[in-house]
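Notes for the one structure printed next.
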There are 2 protein chains.
Amino acid sequence: MENRMRIMECAKELFYAKGYDAVGVQEIVDRAGITKPTLYYYFGSKLGLLKTLLETKFEEPHAAVRAAAELKEDIRSVLYHMAKAYCDFFERDREFYMLMMALFYSARENEAYQAVKPYVTEFYETVVQAFERASGQLGNMYGRQRQFAIGFIGTLTHYLLLHSEADAGERLEEEKITSLVNQFMYGIFT
Amino acid sequence: MENRMRIMECAKELFYAKGYDAVGVQEIVDRAGITKPTLYYYFGSKLGLLKTLLETKFEEPHAAVRAAAELKEDIRSVLYHMAKAYCDFFERDREFYMLMMALFYSARENEAYQAVKPYVTEFYETVVQAFERASGQLGNMYGRQRQFAIGFIGTLTHYLLLHSEADAGERLEEEKITSLVNQFMYGIFT
DNA sequence: CATTTATTATACCGTTCGGTATATCAGATG
DNA sequence: CATCTGATATACCGAACGGTATAATAAATG
């Protein structure tokens, strides 16, 4: 059971750094200090390893975002809490977060994309629902809930992507999150 | 020379569909109806093929966005024209656009990411400069040019990503672009 | 103590990987 | 016609790929 976790951790690091397809099973087991049959004993296949990794690490952060999305507060507060939960997800395990994003943006026919898609879709629907619940506060949305959700997630994910690139190690400041949410809510003329 | 172009086209389709690492050179030459030495004659390596592909297909759309970014009009108009040029890029060759995005979101140590990074960075700086040029119109930006650029690009790219997923073939409506730009400029309370 | 069960390693499978040495072949050039 | 040059194919390279048959080991169980 200890090896099982070490394998997942090593796989995460390598998938993050080099990409799912570019990493060989041999490389993973070498880093973990075990041999191939051990990996196949626990996960059955390279893809099974990826799936287990996603399942294990996704649930908790997603629950946090969902909790924020379901808050019975005004939309400003909900958006802020969602953004906060999302950034916490990023902060808690940047490698896993970046790995998920890379997989989601990867080729549609690739098995790694197929594996991550349900998780990201579920997350995305959570945000759409938050906007639907806020219909009353936003005037007539004309069915723009999806568009808002896309803008919101797009702004956040893109910011985190470029933040992790530029300030590799630095903490994400609270006020930066507020500023992003404000920009999203009120636009750029403020 | 005809083979050269066919190889690039086939490579683009396969890289888009399955991912750079997941596609073998053999697969590319099979689809192009030629053999490996022909590919290596023109491009030297698999990575050389990718680099040539990016160089060949990036310049023109990027020039269009840069032209929009340098318009001497008010920021609303500049943003609209940039968004329009960007979406045209997407429309002209969705596969190539999606391939670029996938590469940019892929693992940092991966050679495919290294290959695409300079192009996306250049594009990104173009947008940052558009916001810098508009400083006078936006009040005090407090150095938020980068943040604005990130939000702008993030909203656009994310929208195109999910649009291409949902409405695979459908044309991108003009008014949708306007709506996105408005959302970005004025926020969601309108 | 004997047996079972979970876990791990040795050694190997056939296939595919990116890449190349060499030869051919067609068209242009002297 | 002879030669040269650009373009292409045949056939191959060693290495790495994902995956597995088999056996050993170690701890728990009867």
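Since this is a predicted model, take the numbers as computed values, not measurements. Below, read A as the first sequence line, B as the second, and so on, with proteins coming before strands; counting in each chain starts at 1.
- The phosphate of C/dT8 (OP1 or OP2) has a side-chain N or O of A/Tyr42 nearer than 4.0 angstrom.
- Computed from coordinates, the A/Lys46 NZ to D/dG18 C1' distance equals 8 Å when rounded to whole Å.
- A/Leu39 places its CG atom 11 Å from the C1' atom of D/dG18, with the value rounded to the nearest Å.
- Computed from coordinates, the B/Phe43 CZ to C/dT20 P distance equals 16 Å when rounded to whole Å.
- Here the C1' atom of nucleotide C/dT16 and the CG atom of B/Asp21 are 15 Å apart, to the nearest Å.
- Ring geometry, A/Phe148 versus A/Phe131: the interplanar angle falls from 30° to 60°, so the pair is classed tilted.
- Counting non-hydrogen atoms under 4.0 angstrom, B/Val29 reaches nothing in the nucleic acid.
- Screening B/Val181, B/Asn182, B/Leu180 for a side-chain contact (heavy atoms from CB on, under 4.5 Å) with B/Thr178, the sole residue that qualifies is B/Asn182.
- In terms of modelled atom types and a separation under 3.5 Å, the side chain of A/Ser179 and the main chain of A/Glu175 share no donor-acceptor contact.
- Residue A/Ser45 comes nearest to A/Tyr40 through the heavy atom pair CA-CE2, 3.7 Å, listed as atom of the first residue, atom of the second, then distance.
- For the OP1/OP2 pair of D/dT8 and a distance below 4.0 Å, the side-chain nitrogens and oxygens of B/Tyr41 include no atom meeting the criterion.
- When the C1' atoms of four end pairs are superposed on the next four at each end of the helix from C/dC1-D/dG30 to C/dG30-D/dC1, using five pairs per end, the two resulting axes differ in direction by 10°, to 10°.
- The CG atom of B/Leu50 sits 13 Å away from the P atom of C/dG18 (whole-angstrom rounding).
- Side-chain atoms of A/Thr38 do not come within 3.5 Å of backbone N or O of A/Ile34 as any donor-acceptor pair.
- Under the rule for a ring-ring contact (aromatic ring centres under 6.0 Å, His included), B/Tyr41 has no partner lying at least two apart in sequence or in another chain.
- Taking the six-membered ring where the residue is Trp, A/Phe89 and A/Tyr86 present perpendicular rings, their angle passing 60° and hence far from 30°.
- Residues A/Tyr20 and B/Gln26 each lie close to DNA chain D; by heavy-atom proximity, the contact nearer the 5' end of the strand is made by B/Gln26.
- Distance B/Arg6 CZ to D/dA7 P: 14 Å, rounded to the nearest Å.
- Within the structure, every side-chain polar atom (N or O) of A/Tyr40 is placed at least 4.0 Å from both OP1 and OP2 of D/dT20.
- Whole-Å rounding puts the B/Met5 CE to D/dA7 P distance at 14 Å.
- The shortest distance between side-chain heavy atoms of A/Met101 and A/Leu99 does not fall below 4.5 Å.
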- Check step by step if side-chain contact (heavy atoms from CB on, under 4.5 Å) holds for A/His158 and B/His158. CA-CA 9 Å; A/His158 224 72; B/His158 225 72; 6.0 Å; no

I'd like a list of close polar pairs between nucleotides 9-11 of chain D and the protein, N/O only, cut-off under 3.5 Å.
from	atom 1	to	atom 2	distance (Å)
D/dA9	OP2	B/Thr35	N	3.1
D/dA9	OP2	B/Thr35	OG1	2.8
D/dA9	OP2	B/Thr38	OG1	3.1

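- Minimum atom distance to the side chain of A/Ser45 is reached by D/dG19, of the listed D/dT8, D/dG19, C/dT7.
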